[in-house]
Amino acid sequence: MDQSLTGKLPGHIAIIMDGNGRWAKNRGLPRTAGHRAGANAARAIISECRRLGIGVLTLYAFSSENWNRPKMEIAALFRLLLDFAARETPGMLEKGIRLNVIGDLDGLPLPQRAALKKSMETTSRCDSMLLNLALNYGARAEIIQAVKKLMASGSRPEDVTETSLGACLYTGGMPDPDLLIRASGEQRLSNFMLYQCAYSELYFTPTLWPDFDAAELAKALEAYASRERRFGKTGEQLAQGEGHGR
Ligand code: IPE
Ligand code: IPE
Ligand code: MG
C-alpha cells in the first residue's frame, strides 16, 4: 500500500462480509464451502488490519435476520464460529487483539455463547486492536435495547442525548466507524450499525467476500484516503483549515 496513506487510515473499519453463497455457487460448491472460505478471508483481514494499526475492526458475521436461512446453513455457520473461537483465540492473545461480540449474545446456542465468552475473557486485556464480531446483530434491535436501558436507568426525556444513548449501544465507548465496506456488489446496509454509521464513508465492491484480501483492503483504504469528510461544513471552510472534526 502507498505509504502516504498511513496518515489517513480509518480508526474504525466496519465490514459487511457478503457473497459467500455466490462464491460457492460459482464453483459448484455447497454454500457452506463459501462460508468456510469466508471465515478464512476474515482471518486474513483481521491480521492485515492489526498489521496496519487499525484500532477497531467490526465484522458483520450473522444478522438477526439470518435466522431465516435453512437450518442446515445456520448450523454450519455456528460450527465455523466455534472453530473460529477455539482456533483463533491463542493467536489473538499473541497479537494483542481483544475480541468483543456485539449483538444478542444470549440468543446464540449455549456452546457458541460459552466459547465466545471465554475468548472475550482471555483477550480482555489485549489493547492493540479491538475486534467486534457482530453476531445475532440487528441495528434496530440494538437501538431498542439501548432505549430500554436508558429508561430503566431512570433517565428523564431531557437527559437523553446522543452521548447517553450512544453509550447504551453495544458499541458504547467506541469511536464510530470511519469506513464501512460491503463486499459482493450489494449496496444496502441490511440493518447494520444504522446509528453509528451516520457519518461513515461507504465503500461498495463487487468482490465476493471470500476473495476480499489484503490487496482489496488496500483499494478500499485508498478510496477512503481520497474522500473529503465534511461533517456538514463547506469545502472552503475545510480548505481554510477549520478542521475535519465534527
Ligand atoms: C454472507 O454471505 C455470510 C452471511 C450472511 C452469514 P451470504 O451467505 O449472504 O452470501 P450470498 O449473499 O448468498 O452470496
Ligand atoms: C448481511 O448479509 C449480513 C451479514 C453479512 C452477516 P445478508 O446476505 O444477510 O444480507 P441481505 O439479506 O442480502 O440484505
Ligand atoms: Mg448475502
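Indexing begins at 1, ligand by ligand and atom by atom, following the structure's order. Any value given below was found using the heavy atoms of this structure, including those in side chains, with hydrogens, waters and symmetry copies removed.
The nearest pair of heavy atoms linking R50 to S128 is NE-CB, 3.3 Å. The minimum heavy-atom distance between N191 and E65, with the atom names listed, is ND2-OE2, 3.1 Å. Nearest heavy atoms, L135 versus A61: CD2-CB, 3.8 Å. Counting all heavy atoms, side chain and backbone alike, Y137 lies closest to Y60 at O-OH, 3.3 Å. Contact between D106 and K117 at its shortest, heavy atoms only, is OD1-NZ, 3.9 Å.
Of the protein's non-hydrogen atoms, the one nearest atom 14 (O) of ligand 2 is S190 OG, 2.6 Å. When hydrogens are left out, the protein atom nearest atom 2 (O) of ligand 2 is R182 NH2, 3.6 Å; that is the closest non-hydrogen contact. Taking atom 13 (O) of ligand 2 as the reference point, the nearest protein heavy-atom neighbour is R188 NH2, 2.7 Å.
Only the backbone of F62 comes within contact range of ligand 2, with a heavy atom under 4.0 Å; no side-chain atom does. Residue E65 does not touch ligand 2, judged by heavy-atom distances below 4.0 Å. Counting heavy atoms closer than 4.0 Å to ligand 1, residue K25 contributes nothing at all.
Residue pairs satisfying the ring-ring contact (aromatic ring centres under 6.0 Å, His included) criterion with at least one member in residues 76-101, sequence neighbours excluded, are listed as follows: F62-F78, W67-F78.
D159 meets the side-chain hydrogen bond (donor to acceptor under 3.5 Å, both in side chains) test with R156; sequence neighbours excluded. With sequence neighbours excluded, the residues forming a side-chain hydrogen bond (donor to acceptor under 3.5 Å, both in side chains) with E216 are T207, K219, listed by chain and number.
Using a 4.0 Å heavy-atom cutoff, G19 is listed among the residues neighbouring ligand 1. At least one heavy atom of H35 sits closer than 4.0 Å to an atom of ligand 1.
The residues R43 and D83 are annotated as salt-bridged, a charged nitrogen and a carboxylate oxygen being separated by less than 4.0 angstrom. Ion pairing between E48 and R51 holds under the 4.0 Å rule for side-chain N and carboxylate O.
For atom 7 (P) of ligand 2, the nearest non-hydrogen atom from the set R22, R69, M17 comes from R69. Within the set Y137, Y60, F192, the minimum heavy-atom distance to atom 4 (C) of ligand 2 is found for Y60.
Remark: side-chain polar atoms of D178 are paired, donor with acceptor, to backbone N or O of G11 under 3.5 angstrom.
Atoms of ligand 1 lying under 4.0 Å from at least one heavy atom of N20, given by number and element, are 1 (C), 2 (O), 3 (C), 7 (P), 10 (O), 14 (O). Distances below 4.0 Å separate heavy atoms of N66 from the following atoms of ligand 1: 5 (C). Taking a cut-off of under 4.0 Å to the non-hydrogen atoms of A61, the atoms of ligand 1 that pass are 6 (C).
In terms of polar-atom proximity, defined here as any N/O pair under 3.5 Å, L77 makes no such contact with ligand 1.
Near-neighbour remark for the Mg ion (ligand 3): protein N, O or S atoms under 2.8 Å are D18 OD1; waters not counted.
The protein reaches atom 10 (O) of ligand 2 closely, with a heavy atom under 4.0 angstrom from it.
In this structure, CZ on R227 lies 5.0 Å from CD on E201, to the nearest 0.5 angstrom.
Looking only at side-chain heavy atoms (C-beta outward), P177 and M193 come within less than 4.5 Å of each other.
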